[in-house]
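Sequence lines set the chain letters: A, B, ... in the order given, protein chains first and strands last, and positions in each chain run from 1. Values below: all heavy atoms of this structure, side chains included; hydrogens, waters and symmetry mates excluded.
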There are 2 protein chains.
Amino acid sequence: MARKFSERGDIVPVLAEIFREHGFAGASLSEITRRTGLGKGSLYHFFPGGKDEMGQAVLDDVANWFELNVFKPLRESEDPAAGIDHMFRATVRFFNSGRRICLVGSFALDDTRDRFATAIHGYFAAWVVALEAALRRGGFDGRRARDTAEDVVAGIQGALVFARSQDDPRLFTRAVRRLQQMTAPA
Amino acid sequence: MARKFSERGDIVPVLAEIFREHGFAGASLSEITRRTGLGKGSLYHFFPGGKDEMGQAVLDDVANWFELNVFKPLRESEDPAAGIDHMFRATVRFFNSGRRICLVGSFALDDTRDRFATAIHGYFAAWVVALEAALRRGGFDGRRARDTAEDVVAGIQGALVFARSQDDPRLFTRAVRRLQQMTAPA
DNA sequence: GTATTGTTGTACCGAACGGTACAACTAAAG
DNA sequence: CTTTAGTTGTACCGTTCGGTACAACAATAC
């Protein structure tokens, strides 16, 4: 076997950052080759499906991260409040305290959504379901658990957009703190 | 004077819809000529600055609509609660009950934001300021008025993204109803 | 009628797009 | 050293991109 010069795993985070900055449609192959340092040859060697496969790989990577660092703790933490607390801290960390936007959310807005519909749908759905279950275990009744979970997940998205529009990450962290209060047992 | 065959005012709403569907980067001139029915000649006659000027015109149009239908009622309504109620109804109408995404929000996410920074910043800032003032007139103290205004504006954005990700507009309308409850006097 | 002004379609530009083909190379296995 | 599989750079493909030039047109003013 020949030695691997690069690996998909090394490239995906770079791709993610590019898609975050330019959106899926706006991310050109020339920008991708420049930032990854890989020629088209290598790029299409790792992603024979081209840009679409890169987008899918990035979404999968994000999904894995959240599954491991957010959904699973939410599901398996013995103390549901601890799981929720963990979620908020991981989320703030992931979005770099509001300086980073949500790739899935950005893909969800324009017609990019059609190509990645299941991944985008699944990401938000899994988040809401996991949070809803934790809230319910923490004493919220069914209706309120569901509503609060939706409000928190959507609220995080909105706060990212808002903070970015004002070029002020603190708007995100402050909003998250208030969302966290919504999850405290009444 | 020669007769006007078309007017900027007739074209802008079509442009808005195209930008909503494809994003700014993803909206191609060929799609624009197709949907507007105008050749490049006419297009560049009305928008000598090209796509950038089209984007600016669309943002201005949205800003005007919100100024007239949301911010002004919020500011001038004698009963602040009535102004806020008006805001929510106008907002739901504007976003077609969750079937339409927010153009400004979509522009805010990728590097399109850099070109239209002031317009995007101004849109959200004006909204928060107007809502905050109304809440304060309605009895909210300063801190709580500001926080609630931010939560509502960001919450609407997030609900639009979330609803679209799940392809379920009702997620938007339900979220808005809950946001509206947050604005009810304690 | 003619002149004027505003509007339009078409042909065209160079550049960049996403994607393909393939020969050259690297490094480990034998 | 030779083989073999994995990786890379480069040249190239047809298409589409945003944008320009301009002649032809329509409608009003005179």
Side-chain angles (χ1 to χ4, degrees), chain A residues 1-59 103 106-107 110-116 119, chain B residues 1-59 103 106-107 110-116 119:
Chain A
M1 285 238 217
R3 166 142 176 249
K4 290 180 177 174
F5 296 37
S6 322
E7 293 192 44
R8 261 179 77 126
D10 301 331
I11 310 167
V12 171
V14 182
L15 292 177
E17 219 50 51
I18 297 173
F19 286 140
R20 261 184 264 269
E21 288 173 27
H22 302 286
F24 184 75
S28 68
L29 278 190
S30 69
E31 169 91 358
I32 292 173
T33 56
R34 199 174 56 77
R35 293 268 290 269
T36 57
L38 273 75
K40 292 191 179 186
S42 309
L43 233 34
Y44 275 82
H45 174 67
F46 290 115
F47 305 95
K51 241 177 102 173
D52 276 44
E53 190 170 341
M54 299 180 205
Q56 193 61 59
V58 164
L59 287 174
L103 196 138
S106 108
F107 278 26
D110 54 36
D111 61 351
T112 312
R113 196 204 56 153
D114 301 337
R115 312 191 189 197
F116 305 114
Chain B
M1 285 238 221
R3 162 139 178 252
K4 289 179 179 174
F5 296 61
S6 320
E7 291 191 47
R8 264 180 76 126
D10 301 331
I11 309 168
V12 170
V14 182
L15 292 176
E17 219 50 50
I18 297 172
F19 287 140
R20 261 184 264 267
E21 287 172 28
H22 302 286
F24 184 76
S28 67
L29 279 189
S30 69
E31 170 89 358
I32 292 172
T33 55
R34 200 174 57 75
R35 294 268 289 271
T36 58
L38 272 75
K40 291 191 180 188
S42 310
L43 232 34
Y44 275 81
H45 173 69
F46 290 115
F47 304 95
K51 242 176 102 174
D52 276 43
E53 190 169 340
M54 298 180 206
Q56 194 61 59
V58 164
L59 287 173
L103 196 137
S106 108
F107 278 26
D110 54 33
D111 60 351
T112 311
R113 195 204 56 153
D114 302 336
R115 311 191 189 198
F116 306 114

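Listed in residue order, the members of residues 11-20 of chain B having a heavy atom less than 4.0 Å from DNA chain C come to none. Contacts between residues 28-45 of chain A and DNA chain C, counted as heavy-atom distances below 4.0 Å, involve A/Ser28, A/Leu29, A/Ser30, A/Lys40, A/Tyr44. Contact check of residues 48-59 of chain A against DNA chain C (heavy atom, cut-off under 4.0 Å) returns A/Gly50, A/Lys51.
In this structure, A/Leu43 and A/Met54 have side chains that are in contact, with non-hydrogen atoms separated by less than 4.5 Å. Residues B/Asp111 and B/Phe24 have side chains not in contact (no heavy-atom distance under 4.5 Å, counting atoms from C-beta outward).
The shortest heavy-atom contact between B/Leu59 and B/Ala119 is CD1-CB, 3.9 Å. Closest of all the heavy-atom pairs between A/Arg115 and A/Asp52 is NH1-OD1, 2.6 Å. When all heavy atoms of B/Arg8 and B/Ala57 are compared, the closest pair comes out as NH2-CB, 3.3 Å. A pairwise comparison of heavy atoms in B/Tyr44 and B/Lys51 identifies OH-N, 4.5 Å as the closest pair.
Using a 4.0 Å heavy-atom cutoff across all strands shown, A/Ala27 reaches sugar-phosphate atoms only and no base atom.
Shown here are the side-chain contact (heavy atoms from CB on, under 4.5 Å) partners of B/Ala25, two or more places apart in sequence or in another chain: there are none. Checked against ring pair (Phe, Tyr, Trp, His ring centres under 6.0 Å), B/Phe47 has no partners two or more places apart in sequence or in another chain.
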Donor-acceptor pairs under 3.5 angstrom involving side-chain atoms of residues 12-21 of chain A: please list them, not counting sequence neighbours.
from: A/Glu17; atom 1: OE1; to: A/Arg100; atom 2: NH2; distance (Å): 3.4
from: A/Glu21; atom 1: OE1; to: A/Arg35; atom 2: NH1; distance (Å): 3.2
from: A/Glu21; atom 1: OE2; to: A/Arg35; atom 2: NH2; distance (Å): 3.0

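For A/Lys40 (side chain) and A/Leu29 (main-chain N/O), no donor-acceptor pair under 3.5 Å exists by modelled atom type.
Here D/dG6 presents its C1' atom at 8 Å from CZ of A/Phe46, a figure rounded to the nearest Å.
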